Amino acid sequence: MIIKNAKIVLEDKIIENGYLIVENKKIAAIEEGTTVKEGIDVEGKWVLPGFIDCHVHGGYGVDFETGDENRFETFAINVAKEGITKYLQASVTNSQTNNEKYYQEFGTFMSTKNQVGAKCLGAHMEGPFISPDRKGAHEVTLLIKPNIEITQKLIDLSNNNLKMVTYAGELQDGSYTSFLIENQIVPSIGHSNMEAYEFEKDYNLGARHITHLFNAMSGVDQRRPGLATAALNHHDVLVEVISDGIHIHPDTLKMIYDHKGPDNICIITDAMNAKGLPDGEYRLGELKVIKQNMTVALKETGVLAGAGATFDHNVRTYQQVCQIPMTQLIKMTSINIAKQLGIFESTGSLTLNKLADIVVLDENLNVAMTIIEGSVGYKN
Ligand SMILES: [Zn+2]
C-alpha cells in the first residue's frame, strides 16, 4: 500500500508533501515528494500516527459490561471511525462475581477474536478500588480497598490482559502499587480524595499516571492541595485529559497544557456505551442516564456519567483551545501513551519498521481514513 500526496507528521518535523509505503503491516518507507506509483491519494491531507485511547468504556451500544458475546468486536470495528488504532477497554465498578464473568469473556476475546477493527491492547480496570468521596458515577455500595488477591484473579481470568488499574492511592500502603508494577500493569491514581503529599509514596514506587486529571479527585485548593496539585507539580507524571470541552472548561485545558506541556498529557474519551448513538435515555450499569449531544448525565441528579464524545472531537477541541502544533499534538494522542504502555518500539509514531497505524485527517481535523496495522479500518 502507498499513501501519497500526504502532509506527514513525524516526531520532529512535518513533510509538507510526501508519501508512505506500507508493506507487511509495517511502514517500509517515508519519502518526500510525489510518486507515479499507484496508491491512495489523500489530496494533501494530514497523515498522523493512529490515536491511542487508554481509557474508553465503550460506545455504539456496547461496553465492557453490556452487549452480546460479540460486544468487544463490535466496539473494535466502530471505534476506528474516530481515528483510533489501539486502545484499552475500561471496566467500571462491578461486583466481583460480575467482574469475573466479564474479565473471562474479555480474555476469550483477546486470545481468539482481537483481529478486526482497532486493536485492543488490554483492559483498564477503573474501580472498585476507588474512594467513596470521589466516586463519580460509580456504584458506591460496591467500592472496596485495593486488593491484590482479587486483582490476581482477574489477571488470570483475562489471560494476562489487565494493563492498567485506576485506584485511590490513599486506600493502600504502597504494596498494591508495587504489585501492579511487578506485574507490568500501569498504576493510575484517580477517583481519589488524597492530599497532595500522600501521592509521594506511590510516586517514589514508580506511579507515573493519573486518571482523568481534575475529574473525580481532590483539586488545587490553596490550603488543602489535592491529587490534582501533585499531578501538576510532578512534571514527569502523565495525566489523562478528557478534552471534550464539557468535563474540563477550556480555560482549565489551557492551564493544564501550559503546566504539563505536550509531553505529559494524553487525551482520552472516557466514553460510555451511548457514544455514537442518537440522543436519548440509556443505562450506565444499573443507572439511568440521558445523552444529549456529547453530554451524558445521570437522569436523577444530572451528575456527569461518563462521556459521549469521540476521540477525534477531543483532539479538535484541545487543538483549537491551545493552537497546538501538529508535532506536539501527536504526543498527546499517540506518543506519550505508547511510551507509557511500553509499546513505543512497535507503534505510536510514523517511523520506519513500526506498525502502519495511521490516521488521515482533513484540514479541519475530521477523520478521513484510519489504517490499522496496514489495513484500512475506516474510510469516510
Ligand atoms: Zn472511566
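Counting starts at 1 for both ligands and their atoms, in listed order. Everything numeric here is computed off the predicted structure, so don't read it as measured data.
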Practice problem: Consider only side-chain N and O atoms of H57 and N273, and report whether a donor and an acceptor are under 3.5 Å apart. | Solution: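 There is no such pair between these side chains.
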
Quiz prompt | Residues, nucleotides or ligands: over 12 heavy atoms within 6.0 Å of E200 CD | solution = yes

Practice problem: Answer yes or no for H57: is there an N/O/S atom below the 2.8 Å cut-off from the Zn ion (ligand 1)? | Solution: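 Checking H57: at least one N, O or S atom is under 2.8 Å.
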
Practice problem: Tell me whether H55 has at least one N, O or S atom under 2.8 Å from the Zn ion (ligand 1). | Solution: yes

Exercise. Starting from the C-alpha separation in whole Å, work towards a yes-or-no answer on side chain to side chain contact (heavy atoms under 4.5 Å, CB included) for Y103 and K153.
Key: CA-CA 9 Å; Y103 272 82; K153 184 99 195 261; over 6 Å; no

Self-check item: Atom of D270 closest to the Zn ion (ligand 1), considering N, O or S atoms
Solution: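 Going through the N, O and S atoms of D270 one by one, OD1 ends up nearest to the Zn ion (ligand 1).
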
Practice problem: Using only N, O or S atoms, tell me which atom of E126 is closest to the Zn ion (ligand 1). | Solution: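 Result: OE1.
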
Exercise. Salt-bridge test for K13 and E32: reply yes if a basic N is under 4.0 Å from a carboxylate O, no otherwise.
Key: yes

